[in-house]
Amino acid sequence: MTQAKSPASPRSPKRTAAKAKPRKKTPSVDNPGKVLKRSRYTKAETYAIFQRFHADNPEPEGELDYVNAFTLLVAVVLSAQATDVGVNRATKHLFQIADTPEKMLALGEDKVREEIRTIGLYKTKAKNVILLSEQLVRDHGGEVPEDREALEKLPGVGRKTANVVLNIYFGHPTIAVDTHLFRLGNRIGIAPGKTPLDVEKAMEKAVPAEFSLHAHHWLILHGRYICKARKPECRRCVIYDLCRSPEKELFDSIPEIAVRTKALVDRETAA
């Protein structure tokens, strides 16, 4: 006798799991993502952006401590993959005892390594500090050259480091593209580019001449403290109403700091 089969229960429809929308990756030197072909801003809009930065902070300064061109050069070399605060802590005593290439050589690599051991890659950096000191003494009479090509020939010195020294110490209107400036160039779309050099060249074309000396300081500080990598703090942004970044947080009204800074610009323009 064959046992009757129980009726098959109706199949429940397959549920399609909702895919979480992937978080847009913040542009970085290692992963620039899709890069715009041109700036999102007209010349007039770019000018207005830098007017705001100037009104908010007329004389921006770098955050590395130094006493002369040599110590600035060393500080910038040491700042790779390290914070300015950490570098300043490590160089406070170092620059008291060795503020020239000659004194640094007399100190020796082992002692330099001991002085800067709290910062990343300190062994390689100590070696480069000694090597660049030797080269400065041998080829430049112990002086830091006011020339990008000569600077880039020094151990541990790349284009960004050379640009920082030329800008801060020698007053050249160079653009030093660090991770913050690279991110801003692409995120807000003022100077997009796939590489730091692309962003540097685009920024040189975009920045109005009267703001070129301080441009990279304003952008680095803005990227470090306001337009942060993880999440921009749009409530604190002086260029909020001018910004065309798709990541901009939308508010019912323009943040007070942007309104106040625009008023400063308007008063300066009227005067």
Side-chain angles (χ1 to χ4, degrees), residues 28-29 53 56-133 136 142-146 151-152 154-172 174-184 196 213-230 233 236:
S28 68
V29 175
F53 285 139
D56 180 60
N57 185 7
E59 295 292 333
E61 295 181 353
E63 297 184 315
L64 288 171
D65 294 336
Y66 66 96
V67 295
N68 54 29
F70 173 69
T71 53
L72 174 61
L73 175 63
V74 171
V76 181
V77 168
L78 297 180
S79 70
Q81 299 183 47
T83 65
D84 288 357
V85 172
V87 172
N88 290 340
R89 191 181 301 119
T91 58
K92 184 176 182 179
H93 182 251
L94 176 63
F95 291 163
Q96 289 174 355
I97 59 177
D99 59 356
T100 68
E102 293 83 0
K103 290 178 183 178
M104 197 67 75
L105 287 174
L107 205 58
E109 185 177 333
D110 290 345
K111 182 61 177 173
V112 172
R113 187 164 56 241
E114 184 63 27
E115 289 285 338
I116 66 169
R117 66 193 312 272
T118 56
I119 63 177
L121 305 174
Y122 70 96
K123 293 180 180 179
T124 299
K125 290 176 180 178
K127 183 177 182 179
N128 282 335
V129 168
I130 292 298
L131 290 175
L132 72 83
S133 296
L136 287 174
E143 299 294 325
V144 174
E146 189 179 347
L151 285 167
E152 288 188 51
L154 298 171
V157 177
R159 187 178 182 90
K160 184 193 81 171
T161 297
N163 281 345
V164 171
V165 174
L166 289 171
N167 180 273
I168 293 178
Y169 195 81
F170 294 109
H172 292 213
T174 53
I175 304 290
V177 180
D178 73 345
T179 182
H180 300 297
L181 201 149
F182 183 86
R183 181 177 70 252
L184 277 186
L213 180 61
H214 295 312
H216 93 267
H217 278 124
W218 284 318
L219 292 164
I220 288 171
L221 293 172
H222 190 68
R224 182 176 292 167
Y225 297 112
I226 307 298
C227 200
K228 299 177 182 178
R230 286 184 177 273
E233 295 189 17
R236 300 173 55 216

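The residues of the chain are indexed from 1 along the displayed sequence.
Distance OG1/Thr91 to CG/Leu64: 7.5 Å, rounded to 0.5 Å. Rounded to the nearest 0.5 angstrom, Ile130 CD1 and Lys125 NZ are separated by 15.5 Å. With rounding to the nearest 0.5 angstrom, the CZ atom of Arg117 is 10.0 Å from the CZ atom of Arg113. Interatomic distance, CD1 of Ile97 versus NZ of Lys111, reported as 5.5 Å (0.5 Å rounding). Distance check, rounded to the nearest 0.5 Å: OG1 of Thr174 to CG of Asn167 gives 4.0 Å. Rounding to the nearest 0.5 angstrom, the gap separating the CD atom in Glu102 from the CG atom in Leu136 is 9.0 Å.
Residues forming a ring-ring contact (aromatic ring centres under 6.0 Å, His included) with His180 (at least two apart in sequence, or on another chain): none.
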Between Val144 and Leu151, is a side-chain contact (heavy atoms from CB on, under 4.5 Å) present by the stated rule, with each step listed? CA-CA 8 Å; Val144 174; Leu151 285 167; 3.7 Å; yes
As a quick check of understanding, evaluate side-chain contact (heavy atoms from CB on, under 4.5 Å) for His217 and Ile168, giving each step before the final call. CA-CA 9 Å; His217 278 124; Ile168 293 178; 3.6 Å; yes
Starting from the C-alpha separation in whole Å, work towards a yes-or-no answer on side-chain contact (heavy atoms from CB on, under 4.5 Å) for Leu73 and Tyr169. CA-CA 9 Å; Leu73 175 63; Tyr169 195 81; over 6 Å; no
Yes or no on salt bridge (charged side-chain N to carboxylate O under 4.0 Å, His left out) for Glu233 and Lys228, after CA distance, side-chain angles and deciding distance? CA-CA 7 Å; Glu233 295 189 17; Lys228 299 177 182 178; 2.7 Å; yes
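Between the side chain of Asn128 and the main chain of Pro155, no donor-acceptor pair closer than 3.5 Å is present.
The residue from Val87, Leu132, Val164, Leu154 that alone fulfils the side chain to side chain contact (heavy atoms under 4.5 Å, CB included) condition with Val77 is Leu132. For the side chain to side chain contact (heavy atoms under 4.5 Å, CB included) test with Val165, the passing option among Tyr66, Phe70, Phe170 is Phe170; the others fail.
Heavy atoms only, all atoms of each residue included: Ala98 and Leu107 are closest at CB-CD2, 4.0 Å. For the pair Ala176 and Leu181, the tightest heavy-atom approach, listed with the atom from each and the gap, is O-CD1, 3.7 Å. A pairwise comparison of heavy atoms in Gly223 and Leu184 identifies N-CD1, 3.7 Å as the closest pair. Ile116 approaches Ala90 most closely through the heavy-atom pair CA-CB, 4.2 Å. Glu63 approaches Asn88 most closely through the heavy-atom pair O-ND2, 2.9 Å. In this structure, Asp65 and Ala75 approach most closely via the heavy-atom pair O-CB, 4.1 Å.
Enclosure of atom CD in Glu146 by more than 12 non-hydrogen atoms of other residues, nucleotides or ligands within 6.0 angstrom is indicated. Dense packing is recorded around CD of Gln96, with more than 12 heavy atoms of other residues, nucleotides or ligands lying under 6.0 Å away.
Between Asn163 and Ile175 there is no side-chain heavy-atom pair separated by less than 4.5 Å.
Note on ring orientation: taking the six-membered ring where Trp is involved, the planes of Phe53 and Trp218 are parallel (angle under 30°, cut-offs 30° and 60°).
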